[in-house]
*Asks:* 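Below: one structure in structure tokens.
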Amino acid sequence: MNKKQFLRLESINKRFGGVHALKDVSLTVEEGTVHALVGENGAGKSTLGKIIAGVYQPDSGKIYVDNCCVKYHSPREALADGIALISQEIALVPQLTVIENIFLGIENNHRGLIRNKEIRKRYYELIERTELSIPPDIPVYCLRIAEQKKVEILRAIARNARLIIMDEPTAILSADEAQKLFALIRKLKSSGTTFIYVSHFLEEILSLADNVTVMRDGQCVKTSPVEKESRETLIEAMLGRYVSLGFPEKIYPEPDAPVALSVEKLSREGIFYDISFQIRKGEILGLAGLVGSGRTEIARCIFGADPKTEGNIKVFNKIVNPTSPKEAINAGIALLPESRKLQGLILKLPVIYNISLPHLRKVASGPFIKLRDEHNRVKELLSTLNVKPLDPWIEARALSGGNQQKVLFAKWLFEKPKILIADEPTAGVDVGAKHAIYQLIHSLAREGIAILLISSDLEELIGLSHRIITINRGRITGEFSGSDLAEDKIMHAIFSTAS
Ligand SMILES: Nc1ncnc2c1ncn2[C@@H]1O[C@H](COP(=O)(O)OP(=O)(O)O)[C@@H](O)[C@H]1O
Ligand SMILES: [Mg+2]
């Protein structure tokens, strides 16, 4: 059956200053289908979504909805045509209740809203139709993020949205919540709603979408039915080259390589106890454990960000026991923290300062020529990490998430540490960036840096680590190397308590 086309884009262009975010993008979306958009961080997916939904206006090109040429000047106008955007950032009024948020703007008189029986009736109809149950009268800020997403979806449906654009909706949902969302999307689709669905989870796309468009560097590389695609073909199109999904081949440090980091009977009352391990020069030690097992706390303690109750931390056999991150850095320890946006970057500052600021003392110790050194070193790091755009002077906030993450990496590599603690280094990045980060960790180890790698992705941890220790409830429950680096064995240790 030939579906009717709902949306057609013709040669859309969009620039942000020097960045050509969308280049001649043409795309057709059929009614009642799920159309997926994939691409590396920075490929232009969110920008495209925002243009369709009237958040941004294209510099050139045409948009047709139901075969009529449209020009939206605001999201409101797009919504009036039945186009709703559920963006990466939550866009609700936190102090207002669920029901107010859903119907705000549909009812002009917002004071009378709560008492309005009609609205309540519509609310329960909506709940019944979508099977999304959320208590109507609590303020939205009291809800968990996943629940807030549901409110946004309800809000779109209450407006009879015919096209719902979802930008990475599952990035913040649990697996269970994601399944519920997919069920809802399928249901709405069967009643004729169209979706544009942006996600990094290729499995998700292959099972949910009808068609998929791959974007790369602001262009649409290809559009095809998902049956014709696989993880491999999508990744190849996204990156423009073939990438093996495997891990770099492990190169083990010499057995007599000196011990770079030695953690001895480290305890922090109430959080973790009696943690002892060593990492040799050039070795990658994986730290496995559930979220909340104490992994991050151990890392923070070694980095001097949290106090210890007992134990010693030695770097190349010298007790350092840092009491602040500054002391840890001086001792050669670097930490790539878990929640990057909040902890690591100053979003308003250009990339170059984000990378070199913590090290400026060193760079600025001489006359002018040093500035050029700084610039060159930053450029070199940005290109090694394949940061896009490759512009040291762009503000950090203008970069996409994965690229911001790479900038954080660069910050720590600017001055080579002896020990790098990487806490979930690939959380939330696209496949291409993930692969680059794997290569990077691998080559840092080869250069002699000792690495403590924390990851919830067991496949990744096994793929990269020379050795793994498991933590449960703040205690070490096992150590694995060689042929013992197997998922089932490690999984077992993650869930078992220390004897
Ligand atoms: N408001 C903005 N100001 C400046 N540059 C932007 C802005 N929004 C996006 N960009 C740039 O446009 C490009 C595409 O970004 P985006 O659409 O967010 O990519 P994606 O969603 O695929 O990760 C990136 O290079 C990004 O840095
Ligand atoms: Mg995006």
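If you're wondering where the values come from, they're calculated on a predicted model, not measured in any experiment. Values below: all heavy atoms of this structure, side chains included; hydrogens, waters and symmetry mates excluded. Each ligand, and each atom within it, is numbered from 1 in the order the structure gives.
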*Asks:* Strictly below 4.0 Å, N to O, side chains only: are D217 and K388 in salt-bridge contact?
*Replies:* yes

*Asks:* Note the single closest protein heavy atom to atom 15 (O) of ligand 1, along with its residue, its atom name and the distance in Å.
*Replies:* T47 OG1, 3.8 Å

*Asks:* Does a side-chain N-to-carboxylate-O contact under 4.0 Å join E395 and K348?
*Replies:* no

*Asks:* Check step by step if side chain to side chain donor-acceptor pair (under 3.5 Å) holds for H35 and T213.
*Replies:* CA-CA 7 Å; H35 194 115; T213 291; 2.7 Å; yes

*Asks:* Around atom 27 (O) of ligand 1, find the nearest protein heavy atom and jot down its residue, atom name and distance.
*Replies:* A398 O, 2.3 Å

*Asks:* Tell me which one of R397, K45, R216, K14 gets a heavy atom nearest to atom 22 (O) of ligand 1.
*Replies:* K45

*Asks:* Only heavy atoms of S46, strictly under 4.0 Å: list the atoms of ligand 1 that pass.
*Replies:* 17 (O), 18 (O), 20 (P), 21 (O)

*Asks:* Tell me which protein heavy atom sits closest to atom 19 (O) of ligand 1, plus the residue, atom name and distance to 0.1 Å.
*Replies:* G44 N, 3.2 Å

*Asks:* Which protein heavy atom lies closest to atom 12 (O) of ligand 1, and at what distance to 0.1 Å?
*Replies:* A21 CB, 3.4 Å

*Asks:* Everything protein-side that's N, O or S and under 2.8 Å from the Mg ion (ligand 2): list it, residue and atom.
*Replies:* S46 OG

*Asks:* Which atoms from ligand 1 have a heavy atom of Y56 less than 4.0 Å away?
*Replies:* 1 (N)

*Asks:* As an exercise, identify every atom of ligand 1 less than 4.0 angstrom from a heavy atom of N41.
*Replies:* 23 (O)

*Asks:* Are any of the side-chain nitrogens in E147 or R144 under 4.0 Å away from the carboxylate oxygens of its partner?
*Replies:* no

*Asks:* Heavy-atom contacts with E40 under 4.0 Å: which atoms of ligand 1 show up? List them by number with element.
*Replies:* 22 (O)

*Asks:* For atom 10 (N) of ligand 1, what's the nearest protein heavy-atom neighbour? Residue, atom name and distance, please.
*Replies:* F16 CD1, 3.5 Å

*Asks:* Of the listed options (S87, G42, G39, G17), which comes nearest to atom 20 (P) of ligand 1 when hydrogens are ignored and any heavy atom counts?
*Replies:* G42

*Asks:* Please state which part of M215 comes within less than 4.0 Å of ligand 1, counting heavy atoms only: side chain, backbone, both or neither.
*Replies:* neither

